[in-house]
Amino acid sequence: MRDELLVIPAPEDFIFDECLAYLMRSADECMFRINDGTVTRALDVDGEPVVFGMSGHPDGIAVEFLEGFAPGGLEGCDKVSGFVRDWLDLDRDLRPFYELGESDPLLHDVVQKHRGLRVVGIPDLFETFVWAILGQQITVAFAYVLKKRFVETFGTAVEAGGRKYWIFPDAQKIAGTDPDALRELKITGRKSEYIIGIARMIADGELTKERLFELGNDKLIQKELTAIRGIGPWTANYVLMRCLRSPDAYPAADVGLHNALKHAAGLDRKPNLQEVEAFAAPWAGWRAYATFYLWRLLH
DNA sequence: GTCCAGGACTCGC
DNA sequence: GCGAGTCATGGA
């Protein structure tokens, strides 16, 4: 097994345990398993299931493949490595954000406390949309339950090391699914329609990460996304933040953000939308990072 | 019973 | 363009 160890270098200011703490926030998370500091998950690499565990390492992140589920060849290793880099946003220089954290009164404490944390992403576009839509207007805890039902109903499981690892259902499969099948999982009728609509767009190839990146900036991407049924400003910014990796996306309507701001600013009520925007003005360029760090106040 | 959760759509004006 | 009603479930 030792020869299947892969070390992914990370910047000096990266702290794996901060990301781990975020990843551990729900016992109902179904896309990976965390045990003793190692996050283990399955990944589809060119149609082949790969299963790997990642953990902290003095030089960054150690990736170890489970027996029988290593990628075939160097190219496969590169894809896993690229996935992890994307997942934990390893290629971003956070020094400007940390400078901001030094001077900003609202961010100061939380940035100091969780320094080393990166915006944990969701590299797969379809998975991000499903997760965001499921999360609209309900508690995160219930969203995890719905995602678990969704994945265990429509996804595929890989058996490795005596355990099951799930691969998120692809858009093609959901595109041809009846809304009633989602409704049975207690996903609302509307959300079921939204999810199937998005699945069709992705399956048809009209909605891809590449196409969205080609639009060039957050504003145009948000406009494109909010034209899709079921995607409002909150969801568009959520997708920008978690999948398209905009460091500046700002889900201003986010209730969790409001509660975090209330706490950080010492208010006796939640801020209104104007205040939420005003708080974020000094964070221009880093509003997604600010949001992600502020969310850590909720746990 | 009421209110609130990581919102968005629809309708009436 | 803006406010109110609706969607639906589960926990406090």
Side-chain angles (χ1 to χ4, degrees), chain A residues 21-31 110 114 117 119-122 125 127-150 152-153 178-199 201 207 221-264 267-277 279-280 283 287-299:
Chain A
Y22 173 81
L23 290 168
M24 287 177 68
R25 71 189 173 139
S26 172
D28 285 316
E29 171 62 62
C30 60
M31 292 305 293
V110 74
H114 295 286
L117 171 69
V119 172
V120 176
I122 307 172
L125 183 65
E127 182 180 342
T128 310
F129 273 115
V130 171
W131 179 233
I133 290 168
L134 289 180
Q136 291 170 357
Q137 182 59 22
I138 59 174
T139 58
V140 174
F142 185 44
Y144 272 108
V145 172
L146 292 177
K147 183 174 80 161
K148 188 176 166 75
R149 289 178 190 156
F150 181 81
E152 293 182 352
T153 301
D178 189 292
D180 290 343
L182 274 65
R183 189 71 193 82
E184 279 179 28
L185 309 179
K186 303 303 178 188
I187 296 170
T188 67
R190 276 187 188 169
K191 288 184 182 180
S192 300
E193 292 170 16
Y194 300 162
I195 287 169
I196 290 167
I198 297 274
M201 292 180 72
L207 181 59
I221 294 172
Q222 183 178 330
K223 190 177 169 192
E224 183 88 0
L225 292 181
T226 51
I228 301 169
R229 181 172 147 82
I231 310 303
W234 177 85
T235 308
N237 279 281
Y238 190 91
V239 171
L240 274 162
M241 173 172 73
R242 300 293 306 279
C243 186
L244 305 178
R245 298 226 141 285
S246 160
D248 191 41
Y250 193 48
D254 189 90
V255 175
L257 173 66
H258 298 175
N259 285 323
L261 285 171
K262 172 187 167 186
H263 179 76
L267 305 175
D268 58 356
R269 54 166 177 80
K270 286 194 286 186
N272 61 41
L273 205 53
Q274 272 191 338
E275 292 168 322
V276 171
E277 293 288 357
F279 281 138
W283 311 336
R287 292 180 300 174
Y289 259 88
T291 300
F292 203 74
Y293 269 71
L294 285 165
W295 278 346
R296 299 306 292 139
L297 295 174
L298 304 174
H299 303 284

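Atoms considered below: every heavy atom in the structure, side chains included; atoms not considered: hydrogens, waters and symmetry mates. A, B, ... follow the sequence lines: proteins, then strands. Residue 1 opens every chain. Owing to the predicted nature of the structure, the values given are computational and were not obtained by experimental measurement.
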Quick one: is A:Thr235 getting a side-chain N or O under 4.0 Å of the B:dA8 phosphate, OP1 or OP2? yes
Euclidean distance for P, C:dG11 against B:dA8 (whole angstrom): 24 Å
Without decimals, in angstroms, what is the distance between A:Glu193 CD and C:dC7 C1'? 11 Å
CG/A:Leu146 to CD1/A:Ile133 distance, rounded to the nearest 0.5 angstrom? 12.5 Å
Among B:dC9, B:dG7, C:dT9, the one nearest A:Trp234 by side-chain distance: B:dG7
Check for a donor-acceptor pair, side chain of A:Glu277 on one end and backbone N or O of A:Gln274 on the other, with a separation under 3.5 Å. no
Measure from CD1 on A:Ile198 to C1' on B:dG7 and round the result to the nearest Å. 14 Å
Side chain of A:Arg229 - closest among C:dA8, B:dA8, B:dC9: B:dC9
Toward the 5' end of DNA chain B, by each residue's nearest nucleotide, A:Asp254 or A:Gly230: A:Asp254
Please check this pair: side chain of A:Arg229 against backbone of A:Tyr194, looking for a donor-acceptor N/O pair closer than 3.5 Å. no
Measure from the side-chain N and O atoms of A:Lys191 to the backbone N and O of A:Leu182, and report whether any donor-acceptor pair falls under 3.5 Å. no
If one requires at least 3 consecutive Watson-Crick or G-U pairs with distances under 3.5 Å, the stems of DNA chain B turn out to be B:2-5 with C:9-12, B:7-13 with C:1-7
Residues that A:Tyr144 engages under ring pair (Phe, Tyr, Trp, His ring centres under 6.0 Å), provided they are two or more places apart: A:Trp131
Any sub-3.5 Å donor-acceptor pair from A:Tyr22's side-chain atoms to A:Arg296's backbone N or O? no
Nearest whole angstrom, please: distance from the C1' of B:dA5 to the CD1 of A:Ile133. 17 Å
Could you tell me how far apart A:Arg183 (CZ) and C:dA8 (P) are, to the nearest whole angstrom? 6 Å
Counting the atoms with a prime plus P, OP1 and OP2 as sugar-phosphate, which does A:Ile228 contact under 4.0 Å by heavy atoms, base, sugar-phosphate, or nothing? sugar-phosphate
Whether A:Glu275 and A:Lys270 form a salt bridge (side-chain N of Lys/Arg under 4.0 Å from carboxylate O of Asp/Glu) is what I want to check. no
Nearest to the A:Tyr194 side chain among B:dT10, C:dT9, B:dA8, which nucleotide is it? B:dA8
Quick one: label A:Pro233 by what it contacts on the DNA or RNA (base, sugar-phosphate, nothing), any heavy atom closer than 4.0 Å. sugar-phosphate
What integer number of Å spans the P atoms of B:dC11 and C:dA8? 15 Å
Identify whether any heavy atom of A:Ile231 sits under 4.0 Å from a base atom; if not, whether one sits that close to sugar-phosphate; answer base, sugar-phosphate or nothing. sugar-phosphate
Sticking with atom P, work out how far B:dC3 lies from C:dA4, rounded to a whole angstrom. 16 Å
Separation of atom NZ in A:Lys186 from atom C1' in C:dC7, rounded to whole Å: 15 Å
A:Lys147 versus A:Val130: any side-chain heavy-atom pair under 4.5 Å? no
Spell out yes or no: do the side chain of A:Gln136 and the base of B:dA8 have one donor N/O and one acceptor N/O closer than 3.5 Å? no
Nearest-angstrom distance from the residue atom CZ of A:Phe142 to P of C:dG11: 8 Å
How close or far is atom P of C:dA8 from atom CD1 of A:Ile187, stated in whole angstroms? 12 Å
Taking atom P in both C:dG5 and B:dT2, what distance in whole Å separates the two? 15 Å
Gap between atoms CZ and C1', on A:Arg25 and B:dA5 respectively (whole Å): 13 Å
